[in-house]
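Every chain is numbered from 1, with letters handed out A, B, ... down the list of sequences.
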Amino acid sequence: MTSIPDKNQDFFSHVFNIVRLIPEGRITNYGSIAKALGSAKSSRMVGWAMNASHSQKEPVPAHRVVNRNGLLTGKAHFNPPSRMQELLEKEGIEVKEDKITSFKELFWDPNTELKL
DNA sequence: AATGTGACATACC
DNA sequence: TGGTATGCCACAT
């Protein structure tokens, strides 16, 4: 009731929601998440949301989100940065030089997996 | 209030 | 073939 127009968090919540839905051993890119939100060109916002993930009460597997090159671009924002690769390897994802080897094979598209 | 920046992606030259 | 330019939207200063 009372509307509660928290649209700001709405966008972030959508991002966190999808990121948390990423199955273990899988990864996705910013563009796909942005597209799932309805704004394919808002891939930057996804990254912003990840930055806000630190403020989230619940942990967000942001380590499963990489750029289109399969490169761990956001690893520098982790704590410590090397934590990202460790988490990925721990889930069975092979990481080579801060980038995911079988990125295309491990790629998980929210639009394809969730929609249908 | 306005400008700049940012964990990206796509298009164009 | 790769660098430049623009889009997108929210947040920081």
- Is A:V66 reachable from A:M50 through a run of hydrophobic residues whose side-chain heavy atoms are each under 4.5 Å from the next? no
- Note on the structure: A:I27 atom CD1 is separated from B:dC8 atom P, nearest whole Å, by 15 Å
- Spacing of A:F103 atom CZ relative to B:dC8 atom P, expressed in whole Å: 13 Å
- Separation of atom CZ in A:F11 from atom P in B:dG6, rounded to whole Å: 19 Å
- Item | Candidates B:dG6, B:dA7, B:dA9 - which lies nearest the side chain of A:N67 | B:dA9
- Message: Would you measure the distance from the P atom in C:dG2 across to the matching atom in B:dA7 and give it in whole Å?
- Response: 24 Å
- Message: If you go through the side-chain atoms of A:S42, does one of them form a donor-acceptor pair with the base of C:dC8 closer than 3.5 Å?
- Response: no
- Item | Whole-Å gap separating C1' (B:dA7) and CG (A:L88) | 13 Å
- Task: Round to a whole Å and report the spacing from CD1 of A:I33 to P of C:dC9.
- Result: 17 Å
- Query: Which is true for A:A62 with a 4.0 Å heavy-atom rule: it touches a base, it touches only sugar-phosphate, or it touches nothing?
  - Reply: base
- Message: Working to the nearest 0.5 angstrom, can you tell me the gap between A:N29 CG and A:L71 CG?
- Response: 12.5 Å
- Message: From C-beta outward on A:K41, which listed nucleotide comes closest to its side chain: B:dG6, C:dC11, C:dC8?
- Response: C:dC8
- Message: Whole angstroms only, please: what is the OH-P distance between A:Y30 and B:dC8?
- Response: 6 Å
- Query: Base, sugar-phosphate, or nothing: which does A:S53 touch, judged by heavy atoms less than 4.0 Å apart?
  - Reply: base
- When you look at CZ of A:R20, are more than 12 heavy atoms from neighbouring residues, nucleotides or ligands closer to it than 6.0 Å? yes
- Under the 3.5 Å rule, do the base of B:dC8 and the side chain of A:R68 count as making a donor-acceptor pair? no
- Task: Check whether any side-chain heavy atom of A:R64 sits under 4.5 Å from a side-chain heavy atom of A:E24, and report yes or no.
- Result: yes
- State which of B:dA7, C:dC8, B:dT5 makes the closest approach to the side chain of A:F78. B:dA7
- Query: Where the side chain of A:M45 is defined as all heavy atoms beyond and including C-beta, which of C:dC11, B:dG6, B:dC8 is the nearest nucleotide?
  - Reply: B:dG6
- Using a heavy-atom cut-off of under 4.0 Å over every strand shown, decide if A:N51 touches base, sugar-phosphate, or nothing. base
- Task: Figure out the NE2/P separation between A:H63 and B:dA7, and round it to whole Å.
- Result: 19 Å
- Task: Please determine which of A:I22, A:V19, A:L88 meets the side chain to side chain contact (heavy atoms under 4.5 Å, CB included) test together with A:H63.
- Result: A:L88
- Query: Starting at CD of A:Q85 and ending at P of B:dA7, how long is that distance when rounded to a whole Å?
  - Reply: 19 Å
